[in-house]
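Remarks on the structure that follows.
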Amino acid sequence: MIQRIFCIANQKGGVGKTTTTVNLAAGLAQIGQRVLVVDLDPQGNATMGSGVDKRALELTVYDVLLENASLTEARSRSPKGGYDVLGANRELAGAEVELVALERRERRLRSALQAVQADYDFVLIDCPPSLSMLTLNGLCAAHGVIVPMQCEYFALEGLSDLVNTIKQVHANLNPELQIIGLLRVMFDPRITLQQQVSEQLRSHFGNKVFDTVIPRNVRLAEAPSYGQPGVVFDPASKGAQAFVEFAREVVQRLGQPA
Ligand code: ADP
Ligand code: MG
């Protein structure tokens, strides 16, 4: 049974969504969880970073959203990651427009996931850097949102749009949806400003801020070019260890009341 479906979302680009998705997936796999990664970004970075060649895919999440293929037909396996991937490539950019004319347009992913309920413990949805129809499909399908963020000056400001969108989806489309937590990523404790913003986050959001902090670590940035999550590419690195720790925290939090 799928315990939890999480969107990894933040409408800013380059904040660490994809890195969080593939490394949390690999971390969860390492501690025995069955995981599916859904790549909802036409850039296909989560697909490539999982070692699946987006250019060679015959079926992708695009076909699933348009109901030309089932998820079972379209998924593949990350060769090193230990989890499954519903891949994406540039074709997905067209779905944005094509979905508008279709019925249940924001619920396509939700329906598709129901067919694989029995296969996974966790589904992680890597969202594009926008609050678009694709992201909406992710939010409608999910139990919760994990928000990776850098502790920079404008971090809190950018968050309010996302929080409002989540509230609206919660009120109108998906009453299950909630913010699971904010994950501090690319953290450098030597930078005073980052420490200050980190404190601010804690005081605003309390226990919605994950205890685990992901450090800035070059091995995490190098891993995608080898088609591997950092957790697998260099398990001894600080970044990899932080993500395995994060996977444990996610599993542990599920046992506690929200
Ligand atoms: P997004 O999916 O939000 O656009 P990415 O996960 O692709 O963001 O990250 C943006 C860039 O930052 C990538 O080049 C990635 O390798 C790098 N990066 C992400 N997290 C870290 C980290 N903890 N340490 C070092 N580099 C990182
Ligand atoms: Mg990304």
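The model shown is predicted, which means the values in this text are computed figures rather than measured ones. Both counts, for ligands and for their atoms, begin at 1 and track the order of listing.
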Supply the atom-to-atom distance Gln194 CD to Met186 CE, rounded to the nearest 0.5 angstrom. 10.0 Å
Distance col, row Ile125:CD1 vs Asn137:CG, nearest 0.5 angstrom, shows 9.0 Å
Test side chain to side chain donor-acceptor pair (under 3.5 Å) applied to Asp39 and Thr47, step by step: CA-CA 6 Å; Asp39 193 348; Thr47 306; 2.6 Å; yes
Residue shell for ligand 1, any heavy atom closer than 4.0 Å, reads Gly13, Gly14, Val15, Gly16, Lys17, Thr18, Thr19, Met186, Ile214, Pro215, Arg216, Asn217, Leu220, Ala221
Please tell me whether Glu249 and Thr212 have a donor and an acceptor in their side chains that are separated by less than 3.5 angstrom. yes
Distance alone, cut at 3.5 Å: any donor-acceptor contact between the side chains of Tyr120 and Asp84? yes
Per the ring-ring contact (aromatic ring centres under 6.0 Å, His included) rule, what does the pair list look like for residues 179-230, sequence neighbours excluded? Phe210-Phe246, Tyr226-Phe233
Between Lys54 and Asp41, is the closest basic N to carboxylate O distance under 4.0 Å? no
Mind checking what makes side chain to side chain contact (heavy atoms under 4.5 Å, CB included) contact with Asn45, not counting sequence neighbours? Thr18, Gln43
Evaluate side-chain contact (heavy atoms from CB on, under 4.5 Å) for Leu139 paired with Leu177, printing each intermediate quantity in order. CA-CA 7 Å; Leu139 294 176; Leu177 189 70; 4.1 Å; yes
Run through the protein N/O/S atoms less than 2.8 Å from the Mg ion (ligand 2) and write them out by chain and number. Thr18 OG1
